[in-house]
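Please read the structure below before turning to the comments.
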Amino acid sequence: MRIAIEREEFTLNYQPLFDNHNSIISAEALIRWQHPTKGWISPADFIPLAEETGLIIYLGEWVLREACRQLKQWESTSFFQLPLIAVNVSPKQFRQSNFVSQVKQILAEFEVHPERLVIELTEGIVIADVDDTVKKMNALQSLGIRIAIDDFGTGYSSLTYLNTLPIDVLKIDQSFVRDINNDNNTAIVGTIISMAKHLGLKVIAEGVETEGELKYLMSAGCRMFQGYLFGKPLSADLFAKFHITNQQKKITANCLISAQ
């Protein structure tokens, strides 16, 4: 993995996030490793190793830097401006004493407005050290950065911190969405959406793959979606083409509606 870092074998893919009007409102930056002989290596295989060795700190900073660089490049060289970009942050990366200042420096380096960045944290990060978490979250939010809790519903103390931590977004874990026909999962998803609404939080459903899942989620009040039904993770170039094509389709559809 150290050699892979030196050889720049890591890259980012971008998965679109849609709203209920079929507009792309964000993208999640996802790290990928293309090994010269083994081909694409799953993050599920190398992220745990990176965590164990401490290399996740370097990879995490690289992901944040590359995502901001790409966001600025799209804005300056393409025909679209992506409103938001989301970056996953690991526990070790988040616990660094200079994490907030590092994020601030990277945003300034690429001239990206803080309000266009979403930091995604898992529930485990949040509950590990609440005092440190609150301090960093408040510092990030004071800059304008948004905070999302990823894989929500899989932790064991979800309800205890929602009312106290500075959170902007909840992402419903895909395991609940995937088995949406299960009565228990239906109840959980509905409760999360209702709870988020009452707390003034936005909610995103992850792993949406079927029209049936989308139909239920919309009926339950969810308005933001991510999953293969809308689009797979794509390279930067393919994401740009995908985004532009989606915009053109919406313009054409609106023109047809206006002409009727």
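What you see is a predicted model, and the numbers here were worked out from it, not measured in a lab.
Atoms NZ and CG, on K38 and D45 in that order, are 9.5 Å from each other to the nearest 0.5 Å. Summarising the geometry, atom CG belonging to L117 is positioned 10.0 Å from atom CG belonging to L143; distances are rounded to the nearest 0.5 Å. Rounding to the nearest 0.5 Å gives a distance of 12.5 Å between CD1 of I41 and CZ of R32. Note: M137 CE to I125 CD1 = 8.5 Å, rounded to the nearest 0.5 Å. The CE atom of M195 sits 11.0 Å away from atom NE2 of H198, with the distance rounded to the nearest 0.5 Å. With values rounded to the nearest 0.5 angstrom, L55 atom CG is found 4.5 Å from I5 atom CD1.
With hydrogens and angles ignored, the 3.5 Å screen pairs no side-chain donor or acceptor of Q102 with any backbone N or O of N98. Here the side chain of R223 pairs a donor or acceptor atom with the backbone of M218 at under 3.5 angstrom. Although no hydrogens or angles enter the test, the distance criterion places a donor-acceptor pair under 3.5 Å between the side chain of D19 and the main chain of S23. Put simply, the side chain of E75 never gets that close to the backbone of L82: no donor and acceptor are under 3.5 Å apart. No side-chain donor-acceptor contact under 3.5 Å links N246 to the backbone of F242. Between the side chain of K171 and the main chain of A148, no donor-acceptor pair closer than 3.5 Å is present. Of the possible donor and acceptor atoms, none in the side chain of S194 sits under 3.5 Å from a partner among the backbone N and O of G190. A donor-acceptor pair is defined here as one N or O able to donate and one able to accept, closer than 3.5 Å; such a pair exists between the side chain of H113 and the backbone of E115.
Annotation: side chain of T11 is not in contact with side chain of Q34 (no heavy-atom distance under 4.5 Å). Side-chain contact between Q141 and D168 is present, with heavy atoms from C-beta onward closer than 4.5 Å. Using a 4.5 Å heavy-atom cutoff, the side chains of I24 and F18 are in contact. By the 4.5 Å heavy-atom criterion applied to side chains, E28 and N88 are counted as neighbours.
Residue pairs meeting the ring-ring contact (aromatic ring centres under 6.0 Å, His included) criterion with at least one member in residues 199-227, sequence neighbours excluded: F225-F230.
When all heavy atoms of F176 and F152 are compared, the closest pair comes out as CE1-O, 3.8 Å.
Geometrically, K136 does not engage F99 in a cation-pi contact, judged by NZ or CZ lying under 6.0 Å from the ring centre and within 45° of the ring axis.
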Y58 and F10: CA distance, side-chain angles, deciding distance, ring-ring contact (aromatic ring centres under 6.0 Å, His included) verdict: CA-CA 12 Å; Y58 173 86; F10 290 96; 8.6 Å; no
Trace of the side-chain contact (heavy atoms from CB on, under 4.5 Å) decision for L201 with I149: CA-CA 11 Å; L201 304 175; I149 298 300; over 6 Å; no
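In the hydrophobic clustering of ILVMFWY residues, with side-chain heavy atoms under 4.5 Å counting as a link, L234 and L12 come out together. Cluster annotation: I47 is connected to Y14 through the hydrophobic network of ILVMFWY side chains, with a link wherever side-chain heavy atoms come within less than 4.5 Å. Under the 4.5 Å side-chain heavy-atom criterion for grouping Ile, Leu, Val, Met, Phe, Trp and Tyr, V87 is connected to I57 within one hydrophobic cluster.
D173 and S175 form a side-chain donor-acceptor contact under 3.5 Å, judged by distance and modelled atom types alone.
Considering I85, L107, L71, I145 in turn, L71 is the only one that fulfils the side chain to side chain contact (heavy atoms under 4.5 Å, CB included) rule with R116.
Surrounding NZ of K202 are at most 12 heavy atoms belonging to other residues, nucleotides or ligands under 6.0 Å away.
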